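Written out below as structure tokens is the structure these notes cover.
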Amino acid sequence: MTHHLGDNEYKLRSMDEVIGERGKVEDERSLIRAPSRSSVKSPTNAEATTGDPTLSSRRTSHQDVTPGFVYILAFFSALGGFLFGYDTGVVSGAMLLLKKEMNLSAFWQELLVSSTVGAAAVSALAGGYLNGHFGRRKCILLASFIFSAGGLILSLAPTKEVLLCGRIIVGLGLGIASMTVPVYIAEVSPPQRRGQLVTINTLFITGGQFIASLVDGGFSYLQKDGWRYMLGLSVVPALLQFAGFLCLPESPRWLLQKGFTQKARQVLSQMRGSENIDEEYDSIMTNIEEEERDSDGGVVIWRIVKCAPTRRALIVGCGLQMFQQLSGINTVMYYSATILQMSGVRDDKMAIWLAAATAFTNFLFTLVGVWLVERVGRRKLTLGSIVGTGLSLMVLAVGFLLSAQASPPVTFHPSDPNLLNSTCVRYGVCEPCMLDPDCGFCYRENATAIFDSSCVPVNQANTEEAIWGRCSNGTNEVTGAFWAYNYCPTSYSWIVLLGLILYLAFFAPGMGPMPWTVNSEIYPLWARSTGNACSAGVNWIFNVLVSLTFLHVAQYLTYYGAFFMYSGLALLGFLFVFGCLPETKGCRLEEIESLFSQRLCTCGASDGQSVHYIRVKGGNYRSEEDVSDEE
Ligand SMILES: O[C@H]1[C@H](O)[C@@H](O)[C@H](O)[C@@H](O)[C@H]1O
């Protein structure tokens, strides 16, 4: 179908073509890229031989060394990621001490953990408005201020109610930081380093989780008030970030959008060192002008939904965040201590240190992601990661399945009258006994077998022991009886352990960081704050959903059922990523909108092909047919 382009309608083709014909077709304008004055005026040898000015300028920029200032900016921003990881990670260790000292019921424990994540979901959504209105820098300052205040309140909290306030305040900071930091880093980075620098933010998240587990381990010996240090230590990086950002500049893209052109130029040249910034400056400027001209005002989220390319970007961004959480990372991390106990680590203190080893593995493999992201690109990295994640989840599930099939029987039935009312006595084998949150498995073992095993009620105030009997004082050296809560003794634990390690090795380089990295790049400037707010909100909402439902899911589906389900969800995630995620590596932020000009779920079909764009009424389309096909 042919389209007649009116005054407001203009064509947008592939970047190279548009720039090549720019002299000839005055009213054809590129949204994707504006040529720099310098590149048009003075062609280099490469342009002369290939006739391709884009190629030569892109090559030049690829050879450029990123100025140190950008690394400083990335470091101070990523402290927000560190706080994200620290505050979400530290709470499990703090809770072990808190529940004893403050006599917390299971409900209060759950409330203290999930209130932070819930508050983060709300503030991430609200962060879109703050970000667009006040700028990235002020939002980061606000988040670090909130983190400091929250940390202080937590460390001094006299009652559980004050603790809850502190946890909610920290959550509010988390939400804002989680959506602002990746956007800020993406906007200050040069295209060839952007993926790596934004991925460093996730490295800081997993680094924060690892440091939190070390702090948990260290202070777990301090029974009185140890939790105050654990929770309060987050004030240090928060204050460091606050002080740093008092001296650091606003994102040049936000400055330009708000009309602070002089300041934007100055900041951009500060960030690019000796590099010529004309091309980048013009490109951002042209983009903003076109966006303003095409904008019909109105609420941003509604504009995003109405405009096909941004709508698709939003679906991809939110979908990635959803599948990240649905692949069960936080369940695996949270459950790692139990998995390790299953493999025969009986000492609680030892389990805490081994959980630190799990967090370290997550951190280490995120580092692999930082190294790979600019080498293999976001798409391949995410695809490879999600396939591996799905397979490792299957290994985990098979490990749990074999353990369930070989579940040791109950051979010893204590004749205490208190037991008559308990559901625990009805179980004949360990598997259903451990799936019941009210019961645990008490047993003895020698080198070859398990014997004298019983299913007895757990002490709800301290799940590390039974409410009475041989196991009521934890692992009892005298009677030689062991207490297993939430797991069964098994000789297949090595498969589960293998699954855990494989899971982290595959998840951490791709599915961990890429949803954040990709979201920071795929929206045009006018939609960036809102797009990231929505996708970060989705991440937090699914985070709280998956962690709150895990134990119930495991109760209904058993552990192996739950992990098979997660691997099924990872498979769905693979299909989604394969169909919908385009490669954004090396593109300038202003170019990326055009990658969503095609219908969703066609990415897999067009991998690596060159594209032609036309732009009609504010939208980018891959071909003239797409215009007629507008969804
Ligand atoms: O990308 C991060 C990272 O993978 C963390 O380990 C996880 O706890 C977060 O939920 C996730 O968003």
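Counting convention: from 1, in listed order, for ligands and their atoms alike. The model shown is predicted, which means the values in this text are computed figures rather than measured ones. Both backbone and side-chain heavy atoms feed into the values below; hydrogens, waters and symmetry mates do not. If you read the sequence from its start, that first residue is 1, and numbering goes on from there.
- For F576, the side-chain contact (heavy atoms from CB on, under 4.5 Å) criterion is met by I315, F323, C580, not counting sequence neighbours.
- The stretch residues 497-518 participates, sequence neighbours left out, in these side chain to side chain donor-acceptor pair (under 3.5 Å) pairs: T199-T517.
- Around the OH atom of Y221, the shell of radius 6.0 Å holds more than 12 heavy atoms that belong to other residues, nucleotides or ligands.
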Dump all N/O pairs between ligand 1 and the protein below 3.5 Å as a table: atom names plus distance, one pair per row.
{"from": "ligand 1", "atom 1": "1 (O)", "to": "Q324", "atom 2": "NE2", "distance (Å)": "3.0"}
{"from": "ligand 1", "atom 1": "1 (O)", "to": "G512", "atom 2": "O", "distance (Å)": "2.9"}
{"from": "ligand 1", "atom 1": "1 (O)", "to": "W516", "atom 2": "NE1", "distance (Å)": "3.1"}
{"from": "ligand 1", "atom 1": "6 (O)", "to": "Q209", "atom 2": "OE1", "distance (Å)": "2.9"}
{"from": "ligand 1", "atom 1": "6 (O)", "to": "N362", "atom 2": "ND2", "distance (Å)": "3.2"}
{"from": "ligand 1", "atom 1": "8 (O)", "to": "Q209", "atom 2": "NE2", "distance (Å)": "2.8"}
{"from": "ligand 1", "atom 1": "8 (O)", "to": "N330", "atom 2": "OD1", "distance (Å)": "2.7"}
{"from": "ligand 1", "atom 1": "10 (O)", "to": "Q325", "atom 2": "NE2", "distance (Å)": "3.0"}
{"from": "ligand 1", "atom 1": "10 (O)", "to": "N330", "atom 2": "ND2", "distance (Å)": "3.0"}
{"from": "ligand 1", "atom 1": "12 (O)", "to": "Q324", "atom 2": "OE1", "distance (Å)": "2.9"}
{"from": "ligand 1", "atom 1": "12 (O)", "to": "W516", "atom 2": "NE1", "distance (Å)": "3.2"}

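- For A484, the side-chain contact (heavy atoms from CB on, under 4.5 Å) partners two or more places apart in sequence, or in a different chain, are F441, Y443, Y487, P489.
- A salt bridge links E187 with R528: the closest approach of a Lys/Arg side-chain nitrogen to an acidic carboxylate oxygen falls below 4.0 angstrom.
- Of the candidates S251, S77, S529, R136 forms a side-chain hydrogen bond (donor to acceptor under 3.5 Å, both in side chains) with just one, namely S529.
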